[in-house]
Amino acid sequence: QVHVVESGGGLVQAGGSLRLSCAASGRTFSPYAMGWFRQAPGKEREFVAAISWSGGNAGYADSVQGRFTISRDNAKNTVYLQMNSLKPEDTALYYCALALSMGGGRYYYTANDYNYWGQGTQVTVSS
């Protein structure tokens, strides 16, 4: 079994920054891609960012491109999401997910491609 646990959420003013962390534990067979999704009240879950096992490939939603940066430390089985220039519309429950990938260079945009999910961490951006 694989466990995924997010941390680092909180309340921040618009224009501020937060760094989310996500730790994977258990039978984490490599390679695996990692991704971040978010869900705001009354809205569907949406893709935020994803990164390949190697860390050399990453993708972002248009809404966060240039403001958010995803990275990973495979020695710690941890992925990070650095969020800068936060906006009220970034307010959501942020989920981390793990995808068992076929190769070290792949990452995924679609929630259905992910095998394991965390419980989420709340990010609230005040105006």
Side-chain angles (χ1 to χ4, degrees):
Q1 184 61 282
V2 174
H3 299 281
V4 177
V5 179
E6 307 94 337
S7 62
L11 174 64
V12 64
Q13 288 188 333
S17 298
L18 280 176
R19 189 176 82 154
L20 305 183
S21 298
C22 171
S25 62
R27 298 172 65 84
T28 54
F29 296 109
S30 59
Y32 56 87
M34 298 289 290
W36 289 96
F37 291 75
R38 67 186 182 186
Q39 187 168 17
K43 295 187 177 182
E44 294 186 354
R45 188 175 300 189
E46 63 175 2
F47 170 79
V48 175
I51 189 167
S52 63
W53 164 255
S54 68
N57 296 310
Y60 299 90
D62 290 343
S63 58
V64 306
Q65 181 76 46
R67 298 188 298 121
F68 290 11
T69 302
I70 190 170
S71 61
R72 66 188 296 162
D73 183 342
N74 287 343
K76 298 180 179 179
N77 288 331
T78 299
V79 65
Y80 306 97
L81 185 68
Q82 178 67 43
M83 305 185 296
N84 298 330
S85 302
L86 282 161
K87 304 175 182 180
E89 51 264 43
D90 294 318
T91 295
L93 188 61
Y94 282 71
Y95 295 93
C96 178
L98 184 154
L100 302 173
S101 61
M102 298 301 293
R106 297 188 65 177
Y107 61 90
Y108 305 92
Y109 292 96
T110 306
N112 286 343
D113 287 322
Y114 289 82
N115 307 96
Y116 302 98
W117 291 80
Q119 294 299 308
T121 185
Q122 179 67 38
V123 172
T124 302
V125 184
S126 63
S127 58

### Query
Does V4 reach the side chain of C22, with side-chain heavy atoms less than 4.5 Å apart?
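Side-chain contact under 4.5 Å: yes.
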
### Message
For G105, is there any backbone N or O sitting under 3.5 Å from a side-chain donor or acceptor partner on N57?
### Response
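Present.
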
### Test log, rule side chain to side chain contact (heavy atoms under 4.5 Å, CB included), inputs L20 and T121
CA-CA 8 Å; L20 305 183; T121 185; 4.0 Å; yes

### Query
Has R27 got its NZ or CZ under 6.0 Å from the middle of the six-membered ring of Y116, at an angle within 45 degrees of the ring axis?
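Judged by the rule, R27 and Y116 form no cation-pi pair.
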
For the atom pair [atom1] ([X]) and [atom2] ([Y]), what is the distance rounded to the nearest 0.5 Å?
X	Y	atom1	atom2	value
I51	I70	CD1	CD1	5.5 Å
Y80	T69	OH	OG1	14.5 Å
D113	Y107	CG	OH	12.5 Å

### Task
Could you pull out all residues at least two apart from R19 that satisfy salt bridge (Lys or Arg N to Asp or Glu O under 4.0 Å)?
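Testing R19 for salt bridge (Lys or Arg N to Asp or Glu O under 4.0 Å), a comparison that skips the adjacent residues, returns none.
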
Nearest heavy atoms of [X] and [Y], plus distance in Å:
X	Y	answer
Y108	Y114	O-OH, 2.6 Å
W53	P31	CG-CB, 3.4 Å
G9	V123	CA-CG2, 4.2 Å
S85	R67	O-NH1, 2.9 Å
S17	Q82	CB-NE2, 3.9 Å
Y94	E6	O-OE2, 4.0 Å

### Residues in side chain to side chain contact (heavy atoms under 4.5 Å, CB included) contact with S63, at least two apart in sequence or another chain
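Partners of S63 under the side chain to side chain contact (heavy atoms under 4.5 Å, CB included) test: R38, A61.
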
### Task
Write out all pairs satisfying disulfide (SG to SG under 2.5 Å) with one or both partners inside residues 31-89, taking only residues at least two apart or from two chains.
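Qualifying pairs: none.
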
### Task
Fit a plane to each ring of F37 and W117, take the angle between them on a 0 to 90° scale, and name the class: parallel (under 30°), tilted (30 to 60°) or perpendicular (over 60°).
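If you compare the ring of F37 with that of W117, the planes turn out tilted.
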
